[in-house]
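Have a look at the structure below before the remarks.
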Amino acid sequence: MATNTSSLKKKSEQVLDGSDIMELVENQEVFTSFVDHKFKELDKDSDGHLSVKELQPAVADIGAALGLPAQGSSPDSDHIYSEVLNEFTQGKQEKVSKTEFKEVLSDILLGMAAGLKRDPIVILRIDGEDLLEFINCPSYEVEMLSVFSQIVSDDAVLPMRDCIVKALEKLTVDQGMPPSPDSWVTSNIIEPALQLWDGNNQEKLVSQETFLEEFKKVAERVAQNLKEQPVIVAHSENTFDGSGIKRLLSNKFELDKLLNTALENVPKDRNGKVSKEYLRVVLDVVAPSASLPPIGAVEQIDKVVADAFDMINADDGKAVKEDEFKKLLTEILGSVMLQLEGNPISISSNSVVHEPLASSSSLLQPSS
């Protein structure tokens, strides 16, 4: 998976590449102190062990650090929360010792650090400067006329306000615009700019010329609002090109170990066979090692996976022996790899950070 953040260097305030997490875990003295503090914080009854109930805040915080929605929001993310809890309890234990807590937390944090190293997140401070630069640059008219042509068709004439709102939605962080669908951005940045503009030529016939003129007026007010209230945006760019799957498939030992571990928690019938309905569950466990997103996270990847399942009739619900199950999963991975090699999928993600990064997950805050 390739990542491209070079075009955003001048806007970036911070790059999250996993190095801070790695530094924390690799410093034994600091990490031991960190774990002691967190364990004591979670161990409400002070019995020296963490129950499933006491582990829940840690699981929720790990989910938040991974960017997952709250538990109960989605079956896909709930599955990941369940997997995190199983990592601590090994699916059997009712209580977890401090040593076990430390070992699992170390593994999870190192996994997160590896993911961030592969796909860094750039933290951008959007303060209106780049937006002003864009609306005053030589390519402004050409780029905005292209946007205008996407918004207005020959048989659909929109009011000027609607055209401007839709145009703002099409601008990206590259032009200095934070994600406009975000409710905070809408109510604190865009709506005040539109209110100040309201009444000024709203009823003008929407032509290319009037659109360029009125859009610039609103964009200038948006830039002013951003100057007064800068917006922090977490930005990542990922390209799924099959290279991660290729690496995994070329290492038979690692692949077998991964599949054996994943199959340990999968139900089997009395003949030791596994239902094909668990192929997606196991694929989700394997996904991070194959540089694939969780199932349900990226629609385009889900379609590629669905095509791979269709090709080998993997959704018929039949039970197969473990070796056959592994063979099917390997075929699915191979099919997904070939599709991505032929047609790589690039995903750009932008989300507004509504609180200081350090406090987004209390679990990852070292004790003071």
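By convention here, the first residue in the shown sequence is residue 1.
Closest approach of L131 to A223, counting heavy atoms only: CD2-N, 3.9 Å. In plain terms, the two heavy atoms of G176 and L226 that are nearest each other are O-CD1, 3.8 Å. Contact between A167 and M144 at its shortest, heavy atoms only, is CB-CE, 4.0 Å. Shortest non-hydrogen contact noted between K276 and F325 is CA-CE1, 4.4 Å. Contact between A193 and V218 at its shortest, heavy atoms only, is CB-O, 4.1 Å. Across all non-hydrogen atoms, the minimal contact from I332 to A314 is CD1-CB, 4.3 Å.
Defined by atom type and a distance below 3.5 Å, a donor-acceptor pair is missing between the side-chain atoms of K321 and N271. Counting only N and O atoms by type, the side chains of S243 and D241 include a donor and acceptor under 3.5 Å apart. Under the 3.5 Å distance criterion, with hydrogens and angles disregarded, no donor-acceptor pair is assigned to the side chains of E220 and Q224. A donor-acceptor contact under 3.5 angstrom links the side chains of E143 and S139, judged on distance only.
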- request: Determine, stepwise, if the pair M160 / I164 fulfils side-chain contact (heavy atoms from CB on, under 4.5 Å).
  value: CA-CA 6 Å; M160 180 67 78; I164 290 171; 3.9 Å; yes
task: Report the C-alpha separation of I135 and Q175 in whole Å, then their side-chain angles, then the decisive distance to 0.1 Å, and conclude whether the side-chain contact (heavy atoms from CB on, under 4.5 Å) test is met.
output: CA-CA 9 Å; I135 62 177; Q175 287 104 14; over 6 Å; no
query: So L340 and I301, side-chain contact (heavy atoms from CB on, under 4.5 Å) or not? Walk me through it.
result: CA-CA 9 Å; L340 292 176; I301 298 290; 4.0 Å; yes
- request: Please lay out, stage by stage, how K257 and E254 fare under the test salt bridge (charged side-chain N to carboxylate O under 4.0 Å, His left out).
  value: CA-CA 5 Å; K257 183 181 174 186; E254 184 188 349; over 6 Å; no
task: Check step by step if side-chain contact (heavy atoms from CB on, under 4.5 Å) holds for L105 and K38.
output: CA-CA 11 Å; L105 187 58; K38 294 303 170 189; 5.5 Å; no
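Distance CD1/I151 to OG/S146: 9.5 Å, rounded to 0.5 Å. Going from atom OG of S289 over to atom CG of L258 covers 4.5 Å, rounded to the nearest 0.5 Å. Note that CD of E322 is 7.0 Å distant from CG of N260, once rounded to the nearest 0.5 Å. Atom-to-atom distance recorded for F309:CZ and L328:CG is 9.0 Å, nearest 0.5 angstrom. A distance of 12.0 Å separates CG in N238 from CD1 in I345, rounded to the nearest 0.5 Å. From L55, atom CG reaches atom CG of L50 across 5.0 Å, with rounding to the nearest 0.5 Å.
Counting non-hydrogen atoms of neighbouring residues, nucleotides and ligands closer than 6.0 angstrom, the NZ atom of K246 reaches no more than 12 such neighbours. Shown here is E23, whose CD atom has no more than 12 heavy atoms of other residues, nucleotides or ligands within 6.0 Å. Residue D310 places its CG atom among more than 12 non-hydrogen atoms of other residues, nucleotides or ligands, all under 6.0 Å distant. Under a cut-off of 6.0 angstrom, the local environment of CD in E228 is crowded, with over 12 non-hydrogen atoms contributed by other residues, nucleotides or ligands. Counting heavy atoms of neighbouring residues, nucleotides and ligands inside a 6.0 Å radius, atom CD of E169 exceeds 12 of them.
Ion pairing of R161 with E191 is present here, as a side-chain N (NZ or NE/NH1/NH2) and a carboxylate O approach within less than 4.0 Å. Salt-bridge formation is not detected for the pair K166/D162: no Lys NZ or Arg NE/NH1/NH2 atom is positioned less than 4.0 Å from an Asp or Glu carboxylate oxygen. At a threshold of 4.0 Å, the pair D284-R280 does not count as salt-bridged, since none of the basic side-chain nitrogens sits closer than that to a carboxylate oxygen.
A side chain to side chain contact (heavy atoms under 4.5 Å, CB included) with M177 is found for exactly one of T172, V231, V233, L171, namely L171.
In this structure, the side chains of S291 and R247 come closer than 4.5 Å at one or more pairs of heavy atoms. K227 has its side chain out of reach of L132: every pair of non-hydrogen atoms, C-beta onward, lies at least 4.5 Å apart. Within the 4.5 Å cutoff, side-chain heavy atoms of Q56 are placed close to those of L85. Between K327 and D323 the shortest side-chain heavy-atom distance does not fall below 4.5 Å. Looking at V96 and E54, their side chains never come closer than 4.5 Å, going by heavy atoms from C-beta outward. Residues D43 and K98 fail the side-chain proximity criterion, which asks for heavy atoms closer than 4.5 Å. Looking at L255 and L249, their side chains come closer than 4.5 Å, going by heavy atoms from C-beta outward. Using a 4.5 Å heavy-atom threshold, the side chains of L279 and V274 count as separate.
V285 and V305 fall into different hydrophobic clusters, where Ile, Leu, Val, Met, Phe, Trp and Tyr side chains are chained together by heavy-atom contacts under 4.5 Å.
Aromatic ring pairs are classed by plane angle as parallel below 30°, tilted from 30° to 60° and perpendicular above 60°; the pair F215 and Y140 is parallel. Ring geometry, F88 versus F101: the interplanar angle falls under 30°, so the pair is classed parallel (tilted spans 30 to 60°).
Proximity of a side-chain donor or acceptor of T32 to a complementary backbone N or O of Q28 within less than 3.5 Å is detected. With hydrogens and angles ignored, the 3.5 Å screen pairs no side-chain donor or acceptor of S106 with any backbone N or O of K102.
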